[in-house]
Amino acid sequence: MTAESSHNKYMARALRLARKGLYTTAPNPRVGCVLVKSDRIVGEGWHERTGGPHAEVVALQQAGEHAQGSTAYVTLEPCCHQGRTPPCTDALQAAGVKEVVAAMQDPNPAVAGKGLAKLEAAGITVSCGLMQAQAEALNRGFVQRMRHRKPWVLSKLAMSVDGRTAMASGESQWITSSASRRQVHFLRASNQAVMCGVGTVLADDPSLNVRLDESIPEGGWLQPIRVIVDSNLQTPVTAKMLQTDAHCLIFYAQADAARQQQLRNAGAELIHMPAANGQIDLNAVLTHLAELQINDVLLETGATLNGAMLQAGLINELRIFMAPHLMGGEGRGLFNLPGLDSMDQRHAITIQDIRAVGSDWCISATIQNTQ
């Protein structure tokens with residue numbers, strides 16, 4: 001095995017370990033670490049949950065004295081600052097690690113190259129960039145929040161082959177198969193927040209919580225925060241999103257004090273947002289969510305909010321579940337996008353993946369004009 005293929009093998013292992021924290025590490029990034037000595041793994045670990053030991057520390061504890069003279073493959077630059085846990089750079093240096101191979105630099109301004117520089121100053125051989133694209137994809141929300149002060153927004157959509165999300169009457173249960181709906185619960189579990197517009201609340205009264213019969217491996221999941229965009233506070237106090245076991249935020253622009261108090265009494269947290277022409281500033285909503293350390297937002301809503309988010313350049317990714325049936329020309333569409341009069345005004349997307357889910361097809365795509 002060549003040195004390059006050996007490096008790739010161990011970093012790929014570190015990435016697989018990091019993925020085990022998919023449902024539990026937020027707002028921290030998902031990180032894996034593998035310690036190798038004489039071409040043998042002597043320790044490995046991943047960051048399991050916020051407040052717990054970092055991946056490097058777990059791997060060092062497992063390796064014990066064998067960490068001396070080893071190479072650490074880590075999916076993110078080791079931290080060099082005191083947070084909830086001590087700096088990983090200090091732990092690596094104290095253990096006698098001779099080389100650190102990082103997949104990517106930490107986008108957190110508190111680290112941002114300082115960790116690697118500290119290791120190098122201590123005489124440890126350092127390199128960065130091996131399998132960087134895969135590492136960034138695993139932590140796209142964390143990277144987005146650190147670099148752009150907004151969470152990563154994934155819009156989940158369910159449609160028929162002819163692009164309809166509901167019948168003209170509004171009836172929409174169920175467009176897709178039980179296999180697709182199960183996948184949506186895994187999506188919710190891997191996002192810190194699920195967001196919809198008040199129109200969806202009034203039409204469907206969804207819970208938007210995670211409902212999985214079996215436990216997700218490696219520590220279960222955390223219920224996502226529910227987020228409602230509701231300019232005039234039309235959300236009913238009896239809405240299911242206020243009755244479930246997770247925090248509910250309602251962003252609003254105007255409402256009288258009595259209505260505000262009713263919703264607060266029902267368990268909602270209300271957040272006033274600036275508005276223009278009666279519409280909430282969606283960019284400000286995402287900025288506020290980022291300030292709450294939310295990395296990833298799953299958008300599960302109707303054509304109005306989806307269209308407004310798309311036109312504002314605030315959707316990063318689409319996950320479209322397409323069912324094998326036709327719902328007719330009178331059915332409702334995916335996005336409300338007024339003002340598109342010519343072909344050059346189209347919104348371009350890049351399809352990343354298409355795969356079967358039960359009897360449906362799941363299309364994953366990124367938006368090309370995202371802010």
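Index from 1, following the sequence. All values reported here derive from a predicted model rather than from experimental measurement.
Between K150 and the options N283, N316, T287, a side chain to side chain donor-acceptor pair (under 3.5 Å) holds for only N283.
Under 3.5 Å, the side chains of R145 and N295 contain a donor-acceptor pair of N or O atoms.
Put simply, the side chain of H185 gets close to the backbone of R211: a donor and an acceptor are under 3.5 Å apart. Within the 3.5 Å criterion, the main-chain N or O of S207 finds a donor-acceptor partner in the side chain of R226. At least one donor-acceptor pair under 3.5 Å links the side chain of T24 to the backbone N or O of E48. Listed for the N28 side chain is no donor-acceptor partner under 3.5 Å among the backbone atoms of T50. The backbone N or O of G197 lies less than 3.5 Å from a partner atom in the side chain of T301, making a donor-acceptor pair.
More than 12 heavy atoms of other residues, nucleotides or ligands shown are found within 6.0 angstrom of NZ on K37. Crowding of R181 atom CZ: a count of heavy atoms from other residues, nucleotides or ligands under 6.0 Å exceeding 12.
Pairs of residues two or more places apart, or lying in two chains, that qualify as side-chain hydrogen bond (donor to acceptor under 3.5 Å, both in side chains) and include a residue from residues 353-364 are S177-D360, S180-D360, R319-S364, D353-R355.
Taking the six-membered ring for Trp and thresholds of 30 and 60 degrees, H47 and H54 have ring planes more than 60 degrees apart, a perpendicular arrangement. In this structure, H272 and Y252 have perpendicular ring planes: the angle between them is above 60°, well past the 30° mark.
Electrostatic pairing of D106 and K114 does not count as a salt bridge here, judged by no charged N lying under 4.0 Å from a carboxylate O.
Looking at every heavy atom in both residues, R30 comes nearest to L138 through NH1-O, 3.0 Å.
Taking the salt bridge (charged side-chain N to carboxylate O under 4.0 Å, His left out) definition, one finds that R188 meets it with E300, sequence neighbours left out.
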